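Everything numeric here is computed off the predicted structure, so don't read it as measured data.
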Amino acid sequence: MLYTAHVPAVPAVLDTLGRRARARRQARGLTLKALAERSGLSLRFLMAVEAGEGNISVRRLADLATALETSPADLLTSTDETTPRVIALLGLRGSGKTTIGRLLARRLRLRFVELDRQIETRAGLALGEIFSLHGEDYYRRLERDVLGLLLDSRQAMVLAVGGGLVASPETYALLEPRATTIWLKARAEDYWTRVIRQGDRRPMTDHPQARQALSELVARRHPLYARAAHTVDTSGRNVAETVRAVAAAVQ
């Protein structure tokens, strides 16, 4: 039988299943879409499984295991494999990911990496040029590929990711099980003030309703950022206080 007295409570089993299934899929270089085609399970259901929310039946579990070239028992068995420490900072532009990330990395004696800078190096283009020449879809593919390479390098790091990464389901699913995610939360007016203070006038260029658009973006992204392992509210905190709060959360 699949379930015995020795198996943890259902939420723990589903969490283990999600992490193991995601790891097996990524190790085989499969996208969620490809796995859906192999297993006969829907893309939506597989996303729920990898998020630890898919209450899968025995028959579907067998189909999933076959598609991943493993066994149902393997997918349900937790392991003590050690993974490198990766702390990923999430948040919109103006959340302080770069400033906080550098100081946090110094405090924890880890390497600091900005995902967008790695993408620029891979493309040989500045971020703005990537978007203008190739479009967002190309950028998102690069983002996923470069993130995968960074995580596969098995190096400990503090990683600042782009604000829109959370809106790319496959890329977010790649990051979540392999990093401690921290959402640097702020109010819409805080994001706005910080970006303008840095001398970036782009939010206002040819966009008279920019502040309203920013507020709507904050509301839209809120549930995605809220999936992070930890949330640190940066509103009303200075940089030093925020670094201490993030360090306390990860330690």
Side-chain angles (χ1 to χ4, degrees), residues 2 10-79 81 83-84 86 88 90 113 115-116 118-119 121-123 130-131 133-155 159 161-181 220-221 223-225 227-229:
L2 278 175
V10 169
V13 169
L14 297 182
D15 179 68
T16 297
L17 171 61
R19 289 186 286 105
R20 299 284 283 179
R22 186 185 300 110
R24 292 291 181 269
R25 174 177 65 78
Q26 292 169 352
R28 283 158 180 74
L30 296 173
T31 64
L32 279 167
K33 183 179 179 181
L35 181 57
E37 293 171 351
R38 281 191 177 198
S39 65
L41 305 180
S42 73
L43 180 61
R44 183 184 296 272
F45 184 69
L46 285 174
M47 289 174 66
V49 168
E50 290 197 357
E53 300 169 355
N55 197 354
I56 196 168
S57 68
V58 173
R59 180 174 180 177
R60 285 187 168 187
L61 176 62
D63 291 338
L64 177 59
T66 298
L68 291 171
E69 301 175 17
T70 187
S71 67
D74 176 67
L75 293 178
L76 293 173
T77 303
S78 181
T79 67
E81 297 173 355
T83 56
V86 177
L90 315 178
V113 177
L115 184 58
D116 278 345
Q118 297 292 314
I119 292 170
T121 300
R122 174 79 176 271
I130 294 173
F131 277 93
L133 293 174
H134 300 289
E136 183 174 357
D137 288 345
Y138 177 79
Y139 167 80
R140 294 301 170 196
R141 288 195 298 273
L142 270 181
E143 181 181 53
R144 183 171 61 251
D145 291 346
V146 173
L147 175 64
L149 289 172
L150 279 173
L151 295 175
D152 288 344
S153 72
R154 298 191 62 78
Q155 295 184 46
L159 177 65
V161 306
L165 180 144
V166 296
S168 300
E170 287 191 11
T171 309
Y172 201 5
L174 178 65
L175 176 68
E176 286 184 292
R178 301 174 69 178
T180 300
T181 48
R220 192 162 59 248
R221 294 266 177 87
L224 298 173
Y225 288 131
R227 281 167 44 183

Q | Over all atoms of both residues, closest heavy-atom pair of Ala65 and Pro72 | A | CB-N, 3.5 Å
(Q) For a side-chain contact (heavy atoms from CB on, under 4.5 Å) check, start with the C-alpha distance between Leu165 and Leu147, then their side-chain angles and the critical distance, and finish with the verdict. (A) CA-CA 10 Å; Leu165 180 144; Leu147 175 64; 4.2 Å; yes
Q. So, does Tyr225 use its side chain to make a donor-acceptor pair with the main chain of Gly163 at under 3.5 Å?
A. yes
(Q) I need the single residue from Leu174, Leu175, Thr180 that forms a side chain to side chain contact (heavy atoms under 4.5 Å, CB included) with Arg178. Which is it? (A) Leu174
(Q) Do Leu61 and Leu76 make a side-chain contact, defined as non-hydrogen atoms from C-beta onward lying under 4.5 Å apart? (A) yes
Q. Do Leu150 and Val86 have side-chain heavy atoms sitting under 4.5 Å apart?
A. no
Q. Going from CG on Leu68 to CG on Asp63, what distance comes out if it is rounded to the nearest 0.5 angstrom?
A. 11.0 Å
Q. Can you find a pair of side-chain heavy atoms, one from Leu46 and one from Ser39, that are under 4.5 Å apart?
A. yes
Q | Val49 side chain reached by Leu41 side chain, heavy atoms, under 4.5 Å | A | no
Q) Does a side-chain heavy-atom distance below 4.5 Å link Tyr172 with Leu90? A) yes
Q) Do Arg122 and Ile119 come close enough that some side-chain heavy atom pair is under 4.5 Å? A) no
Q) Can you find a pair of side-chain heavy atoms, one from Ser168 and one from Arg144, that are under 4.5 Å apart? A) no
Q.
How long is the straight-line distance from CG of Leu64 back to CZ of Arg25, given to the nearest 0.5 Å?
A. 10.5 Å
Q: Quick one: pull up OG1 in Thr121 and CG in Leu142 and give me the separation to the nearest 0.5 Å.
A: 11.0 Å
Q. Under a 4.0 Å N-O cut-off, is there an ion pair linking Arg140 with Glu170?
A. no
Q.
For the CG atom of Asp15 and the CD atom of Glu53, what is their distance to the nearest 0.5 Å?
A. 10.5 Å
Q: Please name the pair of heavy atoms, one in Leu115 and one in Glu143, separated by the smallest distance, quoted to 0.1 Å.
A: CD2-CG, 3.9 Å
Q | Check: Thr181 side chain, Ala229 main-chain N or O, donor-acceptor pair, under 3.5 Å | A | yes
Q: Locate the shortest heavy-atom distance separating Ala67 from Arg38; write the atom from each residue and the value.
A: O-NH1, 3.4 Å
Q.
On a heavy-atom basis, which atom in Pro169 and which in Ala167 lie closest, and how many Å separate them?
A. CD-O, 3.3 Å
Q) Hey, is CZ on Arg227 packed in by over 12 heavy atoms from elsewhere, all under 6.0 Å? A) yes
Q | Basic-acidic side-chain contact under 4.0 Å: Arg141, Asp137 | A | no
